[in-house]
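Right, one structure below, let's go through it.
FYI, side chains are in, hydrogens and waters are out, and symmetry mates aren't considered; it's all heavy atoms of this structure.
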Amino acid sequence: MNQLLFEGRSLVGIVSSVIRQDDLRVAYSRLDWERMFRLSDFHKVSNIVYLGILGKGDSLPDKWQERFFERYQEALLFGENCREQITEILTWLDMREISCTLLTYEFIRDFYKIPEMADNQALQVLLDEENYFYAKGYLIDLGYEVDSSYKGMGERLHRVSGVSIMLYSHLPFRTAKYIKNMTRLLETAICKEPYNYIHMLPPESEFIYRMAGAAYRYVTDELTLREVLDLLHYHMIWRDELHREAVRKHLAEFQIEDLAEKILRISYMWFGDKKDNYFQNQPEDMSVYDVLEDRLLTKGIINHETDEQALRLQSIIQREIDKEKQKETWELRREKWERQKEKVMKKVRWAFPDYHYMSSIYPTVEKAPVLLPVFWVIRGVRLMLRIFTK
């Protein structure tokens, strides 16, 4: 457990030193670089780590230096290709009058001082079910392939040397309260210029969407350092335009306003400018941030959750998961029962053929249908005799 935390905190240290452009002493030689690569890949910050390990060649094997460099190159190429490809896709959707909403968009790259430090973020598009399959077919024709599926919600499609597209037919949340409030949030979407059918959230709504999404993924142990870092950049750019109390009021409707603020605050602690005084008052109890840090950096392996809002949301999500599993169990049982029923019916149909079949073998049945049961017995006896006389 201590090793997990050590690696997680080292990863935060490397990323923060690159983002802040300051020096931080990291015990590079003590790190297991295979595990560090996998951890940074999960948190989607491998391209940033590459910048942090430049000049530290003696501290890690060539193999892992190369792997980090590959991620950096991917981020570099993504920046050159993504906008043209995204414009192509959105133009196609708009020309066919397919109304959709962009849940996230690649412009977050503009907020990073060095664009290639940004993630190869997937374009997330929400469509109705009919247009969902239409858009998916178009992407497949362009050479995209499904590489991830989110049951009942959508799929992620990817093309070599291309952007990733996440198509959703339903919002990627399980709880009724989240879906209700997210749906209301989407009603504030506005047309994205120069399109007529492509919509995007205004800054305040998008920030609420990102905050609520971060809190949701925190309790499902899917929250990444990248998402926390993007949240920080987004907030720093727009915070003077955001109505702090209005944002908190909206988050209160999700019942995660305190949890979301903790996540935003820790993003400033990790990656923000130390001279930034946005959060002027230090919390009295810093231990709650230790709990959040331990859980986030170990992907929930170390979980001493104490936040009431996190525990409540986690419980609600788990109940929904249990309901889904129960539904799947009943569905499997029903399918099994249907298969067994079909097997029995096949045997019954073989033992007691229908009228048309029997009348083709025994013409008397056609003249006197009432004798059908008698000829079932005759047929059965003949089959039994044939078996025993072999």
Side-chain angles (χ1 to χ4, degrees), residues 89 92-93 96-100 124-160 164-180 183 220 315-390:
I89 293 167
W92 182 89
L93 292 170
R96 282 151 185 81
E97 300 183 0
I98 296 176
S99 182
C100 63
Q124 297 186 19
V125 185
L126 179 67
L127 312 99
D128 61 38
E129 290 194 45
E130 180 181 352
N131 287 323
Y132 173 88
F133 291 104
Y134 190 25
K136 178 183 174 181
Y138 165 70
L139 291 172
I140 288 174
D141 288 342
L142 285 180
Y144 284 81
E145 296 181 353
V146 175
D147 65 3
S148 296
S149 181
Y150 311 97
K151 188 174 182 180
M153 297 176 184
E155 295 165 302
R156 176 188 171 109
L157 295 95
H158 180 72
R159 183 176 69 181
V160 177
S164 293
I165 311 293
M166 295 178 73
L167 295 181
Y168 288 111
S169 57
H170 296 84
L171 286 166
F173 306 100
R174 280 191 166 90
T175 74
K177 186 179 290 294
Y178 253 76
I179 293 172
K180 175 185 175 182
T183 301
T220 58
S315 176
I316 295 171
I317 293 173
Q318 188 58 52
R319 282 203 300 270
E320 293 300 320
I321 292 173
D322 292 341
K323 285 181 184 178
E324 290 175 11
K325 288 181 178 178
Q326 187 177 38
K327 185 177 179 181
E328 289 176 2
T329 299
W330 280 109
E331 186 64 24
L332 290 172
R333 288 179 181 175
R334 188 188 66 79
E335 291 176 1
K336 184 179 179 181
W337 183 83
E338 289 290 343
R339 289 195 298 269
Q340 291 175 339
K341 177 183 173 183
E342 182 61 27
K343 288 179 181 179
V344 171
M345 291 306 297
K346 283 182 180 179
K347 292 178 181 178
V348 170
R349 286 193 292 270
W350 180 84
F352 303 100
D354 62 20
Y355 164 77
H356 298 288
Y357 177 81
M358 291 297 290
S359 61
S360 67
I361 299 176
Y362 304 102
T364 306
V365 173
E366 187 174 5
K367 298 177 182 177
V370 72
L371 295 176
L372 177 60
V374 175
F375 281 91
W376 277 341
V377 175
I378 293 171
R379 174 178 174 272
V381 171
R382 289 178 61 186
L383 290 173
M384 293 294 290
L385 289 173
R386 189 178 302 169
I387 293 170
F388 285 117
T389 54
K390 281 186 178 180

Look at atom CZ of Phe352 and say whether more than 12 heavy atoms of other residues, nucleotides or ligands are closer to it than 6.0 Å.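 Count not over threshold, so no.
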Return the minimal non-hydrogen interatomic distance between [X] and [Y], and the atom names on each side.
X: Ser164; Y: Arg156; answer: OG-NH2, 3.1 Å
X: Arg379; Y: Ala351; answer: NH1-O, 3.5 Å
X: Ala135; Y: Leu93; answer: CB-CD2, 4.0 Å
X: Ile179; Y: Leu171; answer: O-CD1, 4.1 Å
X: Ser359; Y: Val365; answer: CA-CB, 4.1 Å
X: Gln124; Y: Tyr168; answer: OE1-CE1, 3.8 Å

About how many Å separate [atom2] of [Y] and [atom1] of [X], when rounded to the nearest 0.5 Å?
X: Phe133; Y: Leu127; atom1: CZ; atom2: CG; answer: 11.0 Å
X: Tyr150; Y: Met166; atom1: OH; atom2: CE; answer: 3.5 Å
X: Ile98; Y: Asn131; atom1: CD1; atom2: CG; answer: 5.0 Å
X: Leu371; Y: Tyr362; atom1: CG; atom2: OH; answer: 13.0 Å
X: Leu167; Y: Tyr134; atom1: CG; atom2: OH; answer: 14.0 Å
X: Arg319; Y: Ile317; atom1: CZ; atom2: CD1; answer: 10.5 Å

Determine whether [X] and [Y] make a side-chain contact, defined as any pair of heavy atoms from C-beta on separated by less than 4.5 Å.
X: Leu157; Y: Ile140; value: yes
X: Pro353; Y: Trp376; value: yes
X: Glu342; Y: Arg339; value: no
X: Glu366; Y: Met358; value: no
X: Ile89; Y: Tyr144; value: yes
X: Ser360; Y: His356; value: no
X: Lys136; Y: Val146; value: yes

Donor-acceptor pair between Gln318 and Asp322 side chains, under 3.5 angstrom: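 The criterion, which ignores hydrogens and geometry beyond distance, is satisfied for Asp322 and Gln318.
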Between Arg174 and Glu324, is the closest basic N to carboxylate O distance under 4.0 Å? yes
Do Glu331 and Arg334 sit within salt-bridge range, that is, some charged N less than 4.0 Å from a carboxylate O?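 Yes, this pair counts.
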Is a side-chain N or O of Ser169 found less than 3.5 angstrom from the main chain of Met153, in a donor-acceptor match? yes
Under 3.5 Å: donor-acceptor pair, side chain of Asp354, backbone of Tyr357: yes
Classify the ring geometry between Tyr138 and Trp92 as parallel (under 30°), tilted (30 to 60°) or perpendicular (over 60°).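 Geometry flag for Trp92 against Tyr138: parallel rings.
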